[in-house]
Amino acid sequence: MSQRLRDRLLVGLLLSFISFPAIAGEPEAPEATELDQVTSVSQLTDVQPTDWAFQALQSLVERYGCIAGYPDKTFRGNRALTRYEFAAGLNACLDRVNELIAASTADLVKQEDLEKLKTLQTQFSSELTALRGKVDTLEARTAKLESQQFSTTTKMNGFSVIGVQGRTPNRGDRNPRDGQRDTDDPGTNFNVITNNYLSFTTQFSPRDFLYFAFWQQNGSGDPRLTNDARVGYDAGGFPLYISDLKYHFMVTDKLVGMVGTEGIYSSLAFRGPNRAEGAFTGPVSYFAQRNPILNIGFGRGGVAFDWQFAKRASLQAIYSTNIPGFFPNSIGGKGHNTAGVQLAVTPTDQVDVALYYINNYSPNGQLLSFVGDAQLTAIDPVRGSSAPTQTNAFGGTVNWQINPRLNLGGWFGYTNSYIPGESGRVETTNYMVYLNFLDLFGKGNLGGLYVGQPPKITRSSLPIGSNIPDSLNTGLGRSGGQPGTTTHVEAFYRWQLNNNISVTPGLIWIIQPGHTPDSDSFVTGVVRTTFAF
């Protein structure tokens, strides 16, 4: 065998051992794919008998059993390699030779090959030393992470938000609505809201896990004339409490379930087409998070399912409640029962569509959607309280990814409600159109422009005492809707400082707040800082 052929054979031997990812700081291999052992060179589809290395590769299979190929049955012998990769391959080759010697098969290793390996080991001694140093460092870091991790089965995540917000002075035409701006907005001073959320995910197996979380908020945007100015991270000040306690499990590979006593509601159970939504990192207002009908009921305990019945289509369903005795909590209304279903479809890679239906019983006519006309029945002076409602809500959301950095989307929602046992109906509508600018002026940044109408009572024929538009206008029992239309205009820019910190300034312009034409428009300014960990 000539010296040149032996050199080529040895290079082929080294290439056969390259089954490891690229060294940090060096160019990565074209694919970090695991290699499979072969027993015959004929298994390698890109190695032909006419290739100069065919006999060498065949000999290595028979003598050393150390040829590996990619899962697609290729050898890729012409792929370029770095000096670090060559050193690592040489190190692996030496280990294989040592295995043969230990197994009393040293006679299979020719003296010439050993001499060549010793020469190469000397030539690449610095690279081998550096490689071993990198491995030792990685092992030390791994050991440190394992010793300091919170738990081997539980992962902890959290958000902490500090928001500074304030709105311009404004006066409203309040009850009775008579065309006179007679009431000052009492909460226009700048204030600070801190919102903290800490979650724990305990993995029992690859098919199930337990999720629980704590939530706490200091400060709020109250008092205010309407809820149109509510920011997304303002749920009202409240002490630390368990906001989520639920168990996720896979029924089949395409059907998953969720059951729990806290944190079971539609906006979490349903997949949202607008991937930028999120009170801590998305739009700054509450209304711009999602279609308000998905917040109806704001359930706590219940059960939900998600069925991926086709490659581009899924079906979600939910039932939730906050009836006292079953899921008691001092936060939120009592006795709400909500059921819903959503069909999510992705007709193309760029378009996501969701259609949903929500059925809700409210003991006091409050939908708990927290924006726009969420209260559907007025306080009846005779009854001393607001009447209950049964609501059917329908809506849809569409998101179109025009290009990787620009999304256009919107939603529409409609509700039809009645007081059980009484005549009359109350209907509301809402809509939103938005543009999301992804990676605007830098990776991870997000810009947004949102224009829409919060939920508005467009028609109410409820009895005297329960009809909200009538009670605010004349109180004479006239059917009809709100006299004005609120327009919500929002612009924000999330600046991602690093993987854990973002700062989001934003402006919210509210025209005709409370769907009242004679109330002053106002602007809310927001600076939200979010810490994620």
> Is the shortest distance from a Lys or Arg side-chain nitrogen in Asp244 or Lys246 to a carboxylate oxygen in the other one below 4.0 Å?
Replying inline: yes
> Can you find a heavy atom in the side chain of Thr188 that is under 4.5 Å from one in the side chain of Asn170?
Replying inline: yes
>> What I'd like to find out is whether the side chain of Pro283 reaches to under 4.5 Å of the side chain of Glu490, using heavy atoms alone.
In response: yes
> Does the salt bridge (Lys or Arg N to Asp or Glu O under 4.0 Å) test come out yes or no for Arg312 and Asp352, once each step is laid out?
Replying inline: CA-CA 9 Å; Arg312 291 181 175 269; Asp352 292 293; over 6 Å; no
> Do Gln165 and Tyr233 meet the criterion of a side-chain donor-acceptor pair at a distance under 3.5 Å?
Replying inline: yes
>> Evaluate Thr415 against Ile293 for side-chain contact (heavy atoms from CB on, under 4.5 Å), listing each step before the verdict.
In response: CA-CA 8 Å; Thr415 69; Ile293 71 171; 3.8 Å; yes
>> As a quick check of understanding, evaluate side chain to side chain donor-acceptor pair (under 3.5 Å) for Asn364 and Ser386, giving each step before the final call.
In response: CA-CA 5 Å; Asn364 56 6; Ser386 52; 5.2 Å; no
>> For Asn337 and Asn360, which I'm curious about, is there any donor-acceptor pair between the side chains at under 3.5 Å?
In response: no
>> side chain to side chain donor-acceptor pair (under 3.5 Å) for Thr391 and Ser417? Distances and angles first, verdict last.
In response: CA-CA 4 Å; Thr391 297; Ser417 308; 2.6 Å; yes
>> Minimum heavy-atom separation for Phe305 and Val303, please, with both atom names.
In response: CE1-CG2, 3.6 Å
> Considering residues, nucleotides and ligands other than Phe309, do more than 12 of their heavy atoms fall under 6.0 Å from its CZ?
Replying inline: yes
> Around atom CG of Leu438, are there more than 12 heavy atoms of other residues, nucleotides or ligands at under 6.0 Å?
Replying inline: yes
>> Give me the atom names and distance for the closest heavy-atom approach of Ile264 to Gly301.
In response: CB-C, 4.1 Å
> Do other residues, nucleotides or ligands put more than 12 heavy atoms under 6.0 Å from Arg275 CZ?
Replying inline: no
> Looking only at side chains, do Tyr356 and Thr397 share a donor and an acceptor under 3.5 Å apart?
Replying inline: yes
>> Checking side-chain polar atoms at under 3.5 Å, does Tyr357 have a donor or acceptor matched by the opposite partner on Asn359?
In response: yes
>> Please find the pair of heavy atoms, one from Asp234 and one from Gln217, that lie closest to each other, and give the distance.
In response: OD1-NE2, 3.0 Å
> Are side-chain N/O atoms of Trp411 and Asn274 paired as donor and acceptor at under 3.5 Å?
Replying inline: no
> Nearest heavy-atom pair of Ile296 and Ala393: which atoms, and what distance?
Replying inline: CD1-CB, 3.9 Å
> Taking the six-membered ring for Trp, are the ring centroids of Tyr493 and Phe437 within less than 6.0 Å of each other?
Replying inline: no
>> We want to know whether Arg230 and Ser285 form a side-chain donor-acceptor pair, criterion being a heavy-atom distance below 3.5 angstrom.
In response: no
>> If we check ring-ring contact (aromatic ring centres under 6.0 Å, His included) with Phe159, which of these qualifies: Phe280, Phe531, Trp215?
In response: Phe280
>> Just to verify, what does Gln216 make a side chain to side chain donor-acceptor pair (under 3.5 Å) with, not counting sequence neighbours?
In response: Asn196, Asn218
> Which heavy atom in Gly263 sits nearest to a heavy atom in Leu268, and how many Å separate them?
Replying inline: O-CD1, 3.6 Å
>> Taking side chain to side chain contact (heavy atoms under 4.5 Å, CB included) as the definition, give me every residue that meets it alongside Ala491, ordered by chain and number, with sequence neighbours left out.
In response: Leu449
>> Before you tell me yes or no, could you show the steps for Asp253 and Arg207 under salt bridge (Lys or Arg N to Asp or Glu O under 4.0 Å), namely the whole-Å CA-CA distance, both residues' side-chain angles and the distance that decides it to 0.1 Å?
In response: CA-CA 9 Å; Asp253 290 343; Arg207 301 180 69 87; 3.0 Å; yes
>> Minimum heavy-atom separation for Gly481 and Pro469, please, with both atom names.
In response: O-CB, 3.7 Å
> Can you find a heavy atom in the side chain of His488 that is under 4.5 Å from one in the side chain of Gln453?
Replying inline: no
> Above 12 or not: heavy atoms from other molecules or residues under 6.0 Å from CG of Asn499?
Replying inline: no
> Just by distance, with hydrogens left out, do Asn445 and Gln496 show a side-chain donor and acceptor under 3.5 Å apart?
Replying inline: no
> Are any of the side-chain heavy atoms of Asp373 and Gln482 separated by less than 4.5 Å?
Replying inline: yes
> Have Tyr434 and Asn436 got a donor and an acceptor in their side chains that come within less than 3.5 Å?
Replying inline: no
>> If we check salt bridge (Lys or Arg N to Asp or Glu O under 4.0 Å) with Asp185, which of these qualifies: Arg167, Arg224, Arg174?
In response: Arg167
>> Would you say that Met258 contacts Tyr247 through its side chain, given a criterion of any heavy-atom pair below 4.5 Å between the two side chains?
In response: no
> Do the non-hydrogen side-chain atoms of Phe249 and Phe204 ever get within less than 4.5 Å of each other?
Replying inline: no
> Would you say the side-chain atoms of Thr429 and Glu427 include a donor-acceptor pair closer than 3.5 Å?
Replying inline: no
Identify all side-chain donor-acceptor contacts of residues 503-511 below 3.5 Å with residues at least two apart in sequence or on another chain.
from, atom 1, to, atom 2, distance (Å)
Thr504, OG1, Arg528, NH2, 3.1

